[in-house]
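The next block holds one structure in the form of structure tokens; read it before the comments.
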2 protein chains.
Amino acid sequence: MGFAETFKALSDPVRRDILGLLKKERLSAGEIGSHFDMTGATISYHLGILKKAGLVFESREKNFIYYQLNTSVVEEVMLWLSELKGDDSDAEKE
Amino acid sequence: MGFAETFKALSDPVRRDILGLLKKERLSAGEIGSHFDMTGATISYHLGILKKAGLVFESREKNFIYYQLNTSVVEEVMLWLSELKGDDSDAEKE
DNA sequence: TATGTATTTAGAAAATTTTCTAAATACTAT
DNA sequence: ATAGTATTTAGAAAATTTTCTAAATACATA
């Protein structure tokens with residue numbers, strides 16, 4: 001997976017807003033898009049990046065693709081930050 | 001400050017590596033640079049971005065500028081992620 | 001003051017990212 | 001099979017980011 005991809009994904013405001021929407025409930029690509037003033041193609045691009053970063057996953061249903069937050073990857077990022085801080089509640093490599 | 005700047009700063013591998021170096025001790029710009037295969041000017045550029053994001057601060061001493069990790073901003077980022085996850089240990093806006 | 005070391009700033013090239021339009025794919029339902 | 005809705009893919013333009021070289025600034029000391 002890699003933190004490079006994950007932090008990169010988190011670095012864009014549109015993508016952070018998308019994650020914020022998905023905090024409450026899963027949403028279809030179209031529902032997500034309706035919150036932004038950009039084309040569906042652009043939203044699809046952002047969803048692809050979030051998906052590659054592991055921050056969301058999709059489930060297909062009828063004609064729709066629903067996206068939902070993957071909290072476990074959010075947790076991994078928090079762990080990285082926690083280790084950076086020196087919060088040594090977890091293993092510290094070498 | 002803004003999460004945009006902070007996540008953007010965290011999104012680059014060189015900058016994450018710099019933060020990793022600063023985890024143990026404060027280092028001068030030159031000492032930081034010696035760990036990378038890039039010019040001092042480029043390192044300075046990255047340090048500027050980390051500084052603007054609030055992730056590091058500097059202290060000038062003699063001829064040197066020392067950089068150190070600002071753990072409080074790391075904590076703010078963790079809080080943002082924690083709220084995204086729904087970890088409601090802290091206030092939830094509206 | 002003159003010289004040397006440490007670091008940043010300026011300007012430009014190369015690479016990457018974000019966005020759009022148009023076309024393609026996928027699935028539904030008539 | 002046809003038409004309609006939902007979403008993605010392709011290709012290109014615009015914007016941003018990363019890196020370099022060369023020059024500038026800052027400070028220290030001989």
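Naming convention: chains lettered A, B, ... in sequence-line order (proteins, then strands); numbering from 1 in each chain.
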Test of understanding: with side-chain hydrogen bond (donor to acceptor under 3.5 Å, both in side chains), list the residues that count as partners of B/Ser11, not counting sequence neighbours.
none
Residue met sooner reading DNA chain D from 5', once A/Lys8 and A/Gly30 are mapped to nucleotides
A/Gly30
Between B/Lys52 and B/Glu5, is the closest basic N to carboxylate O distance under 4.0 Å?
no
If the condition is side-chain hydrogen bond (donor to acceptor under 3.5 Å, both in side chains), which residues does A/Gln68 pass it with, not counting sequence neighbours?
none
Indicate, with a heavy-atom threshold strictly under 4.0 Å, whether A/Ala41 touches base, sugar-phosphate, or nothing.
base
When every non-hydrogen atom of B/Leu69 is compared with those of B/Phe57, the smallest separation belongs to O-CE2, 4.0 Å
Closest-nucleotide 5' rank along DNA chain C - winner of A/Ile49 and B/Ile65
B/Ile65
All side chain to side chain contact (heavy atoms under 4.5 Å, CB included) counterparts of A/Tyr66, not counting sequence neighbours
A/Arg26, A/Ser28, A/Glu31, A/Ser59, A/Glu61, A/Phe64
Considering every strand and a 4.0 Å limit on heavy-atom distances, what is the contact class for B/Tyr66: base, sugar-phosphate, or nothing?
nothing
Secondary-structure string, 5' to 3', Watson-Crick or G-U under 3.5 Å, | for another-strand partners, for DNA chain D
||||||||||||||||||||||||||||||
Applying side chain to side chain contact (heavy atoms under 4.5 Å, CB included) to A/Glu25 and not counting sequence neighbours gives A/Leu27
Could you tell me whether B/Gly40 contacts a base, only the sugar-phosphate backbone, or nothing, with contacts defined as non-hydrogen atoms closer than 4.0 Å?
base
Residue pairs passing the ring pair (Phe, Tyr, Trp, His ring centres under 6.0 Å) test where at least one lies in residues 4-28 of chain B, sequence neighbours excluded
B/Phe7-B/Trp80
Value for CG (A/Leu81) from CG (B/Leu19), rounded to nearest 0.5 Å, stands at 9.5 Å
Report each atom pair, protein N/O against N/O of nucleotides 27-30 of chain C, whose distance is under 3.5 angstrom.
from	atom 1	to	atom 2	distance (Å)
C/dC27	O3'	A/Lys62	O	3.4
C/dC27	O2	A/Asn63	OD1	3.3

Which is the 5'-most and which the 3'-most nucleotide of DNA chain D that has an atom under 4.0 Å from a heavy atom of chain B?
D/dT17 to D/dA28
Quick one: side chain to side chain contact (heavy atoms under 4.5 Å, CB included) partners of A/Ser72, sequence neighbours excluded?
A/Asn70
My understanding is that only residues two or more places apart in sequence, or in another chain, count here; which of them pass side chain to side chain contact (heavy atoms under 4.5 Å, CB included) with A/Thr39?
A/Ala41, A/Thr42
Throw together a table of side-chain donor-acceptor distances under 3.5 angstrom for residues 43-51 of chain B, partners on residues two or more places apart or in other chains.
from	atom 1	to	atom 2	distance (Å)
B/His46	ND1	B/Arg15	NH1	3.1
B/Lys51	NZ	B/Glu58	OE1	2.9

